[in-house]
Amino acid sequence: MKKIIIDPVTRIEGHAKISIYLDDTGQVSDARFHVTEFRGFEKFCEGRPLWEMPGITARICGICPVSHLLASAKAGDRILAVTIPKAAEKLRRLMNLGQIIQSHALSFFHLSAPDLLLGMDSDPQKRNVFGLIAAEPELARGGIRLRQFGQEIIEQLGGRKIHPSWAIPGGVREPLSEEGRTHIQNRIPEARTIILDALGRFKRLLNDYQKEVQTFGNFPSLFMGLVTPDGLWENYDGHIRFVDSAGNIIADKLDATHYQKFIGEAVQPDSYLKSPYYRPLGYPDQSDHCRLDSGVYRVGPLARLNICSHIGTPLADTELREFRDRGQGTVSSSFFYHYARLIEILACIERIEIIIDDPDLMSTKLRADAGINQLEGVGVSEAPRGTLFHHYQVDENGLLQKINLVIATGQNNLAMNRTVAQIARHFIHGSEIPEGMLNRVEAGIRAFDPCLSCSTHAAGQMPLHIQLVGKDGSVVNEVWRD
């Protein structure tokens with residue numbers, strides 16, 4: 001079997017490569033997305049005190065530390081068996097909204113916009129954030145300002161933009177200051193203008209990318225995420241809902257603390273990334289991995305917009321209706337992850353505008369004090385890339401005995417593999433390796449915004465070596481990027 005290897009995959013957070021397998025006729029038979037780095041947090045956190053876990057696990061990622069901070073603190077709440085003060089919950093929600101804004105802005109404006117605005121087949125030497133700044137300075141500046149807005153919300157609450165040690169089991173450490181509230185309020189109008197302009201620009205671009213819409217992970221699957229009891233878009237609490245590609249709710253009001261009843265986890269020998277699946281339908285094999293009755297599911301912004309009944313804010317709900325009209329109901333194309341991110345940024349800005357005047361945000365009743373009352377706890381929250389689970393088991397002294405982390409990117413792993421194969425089958429024929437095809441394969445992965453460890457490797461382009469190898473081991477074709 002012939003094989004194309006893309007190593008590394010660029011403009012994502014972490015280290016990965018892609019293998020594309022060709023049959024004897026030169027047609028793509030399969031494709032694999034491999035995560036080639038190992039982190040080991042689940043193992044080296046064993047023996048640490050529960051109280052340290054939010055601060056430690058926030059270091060899993062420099063792009064989404066808040067997501068791990070909050071999920072870890074919520075697992076701690078369970079082990080303490082406390083209901084945290086209302087003020088603490090509202091402050092956690094505010095920080096998570098800021099986190100979603102800054103992460104989505106990074107993904108769209110810095111990582112994917114060079115493809116979308118400059119063109120998938122544009123000069124690779126210019127198809128990067130610096131090329132975007134040169135070609136579209138106002139749009140690039142808007143992306144920087146949006147990410148800054150989200151980071152400043154995190155900083156106003158946690159004291160720092162990255163790795164804030166602020167959320168703790170039982171609540172949070174500090175309230176929002178009056179100066180911080182005023183600063184956030186003053187930034188809202190600009191942020192809203194930027195995201196509305198970006199949404200309009202993206203929707204106008206869609207006519208140019210109909211081929212990508214049809215081939216970038218456009219297949220039936222399940223979608224999973226958190227919703228409120230009445231089906232409202234949620235990002236911090238709520239219950240688990242699964243919806244299929246036909247729009248049917250196949251499971252609802254699932255308790256996230258019992259996630260192992262409905263989520264199974266598989267591993268492959270060629271990747272450090274686990275492959276979660278919907279347990280009632282089983283792990284998909286090669287013949288059924290994209291059927292409606294297989295266990296493949298997607299999480300993240302696309303899934304959240306597919307599973308909710310509405311968002312609950314006027315501008316975002318208007319955009320949601322148009323989003324669903326374009327997708328004819330449930331949206332199956334992973335290319336629309338970009339669209340969903342922009343709508344979620346708008347929803348977060350509207351939510352912030354609603355809650356920023358709440359007097360509870362400056363309350364000093366921020367923490368419920370308790371000792372170890374349960375020996376096990378699960379914390380779940382919506383990270384920018386999807387539903388995040390932290391599952392801890394402790395001894396009577398609160399020392400961690402076992403940790404399991406179910407990361408959003410892992411839950412998209414099976415769908416990412418399917419996406420790579422679909423794109424490759426459409427654009428690769430024979431032994432030729434066109435540069436635009438390689439970029440589209442990478443762009444298909446970037447649509448999911450995978451967060452493999454911490455942060456983006458580098459701005460712009462990284463070295464890349466691809467070989468097409470025949471059955472006899474001879475090199476049929478090669479491409480280098482220096």
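Keep in mind the model is a prediction, meaning the values are calculated, not measured.
Not one N or O on the side chain of Asp357 forms a donor-acceptor pair closer than 3.5 Å with the backbone of Ile354. Formation of a donor-acceptor pair under 3.5 Å by the Asn128 side chain with backbone atoms of Gly131 is found in this model. Without hydrogens or angle criteria, Ser67 side chain to Ala383 main chain gives no donor-acceptor distance under 3.5 Å. A distance-only check finds no donor-acceptor pair linking the side chain of Ser122 to the backbone of Arg127 [under 3.5 Å]. Of the possible donor and acceptor atoms, none in the side chain of Asn397 sits under 3.5 Å from a partner among the backbone N and O of Leu399.
A salt bridge links Arg192 to Glu353: at least one charged side-chain nitrogen sits closer than 4.0 Å to a carboxylate oxygen. A salt bridge links Lys203 to Glu319: at least one charged side-chain nitrogen sits closer than 4.0 Å to a carboxylate oxygen. One finds a salt bridge joining Arg201 and Glu136 here, because a Lys/Arg side-chain nitrogen approaches an Asp/Glu carboxylate oxygen to under 4.0 Å. For the pair Lys402 and Glu42, the salt-bridge criterion is not met [side-chain N within less than 4.0 Å of a carboxylate O]. Taking a cutoff of 4.0 Å between a charged side-chain nitrogen and a carboxylate oxygen, Glu89 and Lys86 do not qualify as a salt bridge.
The closest side-chain donor-acceptor pair between His183 and Gln156, if any, does not fall under 3.5 angstrom. Side chain to side chain, Arg298 and Ser221 meet the donor-acceptor criterion of an N or O pair below 3.5 Å. Neither side chain, Thr330 nor Asn306, offers a donor N or O lying under 3.5 Å from an acceptor on the other. There is a side-chain donor-acceptor pair under 3.5 Å between Glu382 and Thr387. Arg351 and Asn96 share no donor-acceptor pair across their side chains, judged by distance under 3.5 Å alone. Arg385 and Ser107 share no donor-acceptor pair across their side chains, judged by distance under 3.5 Å alone. Residues Asn404 and Gln260 have side chains that never bring a donor and an acceptor to within less than 3.5 angstrom of each other. Between Ser112 and Tyr337, the side chains place no donor N or O within less than 3.5 Å of an acceptor N or O (distance only, hydrogens not considered).
Closest heavy-atom contact between Leu70 and Ala167: CD2-CB, 3.9 Å. Gln374 and Ala81 get closest at one heavy-atom pair: CG-CB, 4.0 Å. In terms of heavy atoms, Ile240 sits closest to Phe242 at CG2-CE1, 3.8 Å. Residues Ser363 and Leu366 come closest through the heavy atom pair O-CD2, 3.2 Å. Of all non-hydrogen atoms in Pro276 and Val406, the two that sit nearest each other are CG-CG1, 4.1 Å. Taking both residues in full, the closest heavy atoms of Phe216 and Arg440 are given as CZ-O, 3.6 Å, listed atom of the first, atom of the second, then distance.
In this structure, the side chains of Arg241 and Phe223 stay at 4.5 Å or more apart for every pair of heavy atoms. Between Leu146 and Phe108, the closest side-chain pair of non-hydrogen atoms is not below 4.5 Å. Between Lys274 and Gln411 there is no side-chain heavy-atom pair separated by less than 4.5 Å. Counting heavy atoms from C-beta on, the side chains of Trp233 and Thr313 never come closer than 4.5 Å. Between Arg341 and Leu302, every side-chain heavy-atom pair lies at or beyond the 4.5 Å cut-off. Between Pro450 and Ile445 the shortest side-chain heavy-atom distance falls below 4.5 Å. In this structure, Leu232 and Val227 have side chains that are not in contact, with every pair of non-hydrogen atoms separated by 4.5 Å or more. With a 4.5 Å cut-off on side-chain heavy atoms, Pro85 and Arg367 do not count as touching.
When the shell of 6.0 Å around NZ of Lys126 is examined, it contains 12 or fewer heavy atoms from other residues, nucleotides or ligands. With a 6.0 Å radius and a threshold of 12 heavy atoms from other residues, nucleotides or ligands, Gln393 has its CD atom above the threshold. More than 12 non-hydrogen atoms from other residues, nucleotides or ligands lie less than 6.0 angstrom from CZ of Arg326.
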| message | Please evaluate residues Tyr259 and Leu254 with respect to the criterion side chain to side chain contact (heavy atoms under 4.5 Å, CB included), reporting the C-alpha separation (whole Å), side-chain torsions for both, the decisive distance (0.1 Å), and the verdict. | response | CA-CA 8 Å; Tyr259 72 96; Leu254 299 175; over 6 Å; no

| task | Start with the C-alpha gap between Val331 and Leu305, add the side-chain angles, then the distance that decides, and say whether side chain to side chain contact (heavy atoms under 4.5 Å, CB included) holds. | result | CA-CA 9 Å; Val331 181; Leu305 295 195; over 6 Å; no

| field | From CA spacing to verdict: side chain to side chain contact (heavy atoms under 4.5 Å, CB included), Thr257, Arg78 | value | CA-CA 9 Å; Thr257 61; Arg78 292 278 186 169; 3.2 Å; yes

| request: Decide yes or no on side chain to side chain contact (heavy atoms under 4.5 Å, CB included) for Val66 and Ser103, but give the supporting numbers first. | output: CA-CA 10 Å; Val66 168; Ser103 181; over 6 Å; no

| said: The test is side-chain hydrogen bond (donor to acceptor under 3.5 Å, both in side chains); show your working for Tyr209 and Asp115 and say whether it passes. | reply: CA-CA 11 Å; Tyr209 286 101; Asp115 296 323; over 6 Å; no

| query | Step by step, would you call Asn413 with Ser275 a side-chain hydrogen bond (donor to acceptor under 3.5 Å, both in side chains)? | reply | CA-CA 6 Å; Asn413 192 19; Ser275 297; 2.9 Å; yes

| task | Begin from the C-alpha positions of Asp77 and Arg92 and carry the test salt bridge (charged side-chain N to carboxylate O under 4.0 Å, His left out) through to its verdict. | result | CA-CA 13 Å; Asp77 298 342; Arg92 286 183 182 180; 2.8 Å; yes

| message | Quick one, Asn235 with Glu344, criterion side-chain hydrogen bond (donor to acceptor under 3.5 Å, both in side chains). Give me CA distance, side-chain angles, the key distance, then yes/no. | response | CA-CA 10 Å; Asn235 62 83; Glu344 286 201 327; over 6 Å; no

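Looking at residues two or more places apart in sequence or on another chain, you find a side-chain hydrogen bond (donor to acceptor under 3.5 Å, both in side chains) between His239 and Asp252.
Ring geometry for Phe202 versus Phe335: interplanar angle under 30°, hence parallel rather than tilted (30 to 60°).
For Lys74 and Tyr236, the positive end sits near the middle of the six-membered ring, less than 6.0 Å away and at most 45° from its axis.
His390 has its ring centre less than 6.0 Å from the ring centre of Tyr392. Residues Tyr277 and Tyr297 keep their aromatic ring centres 6.0 Å or farther apart.
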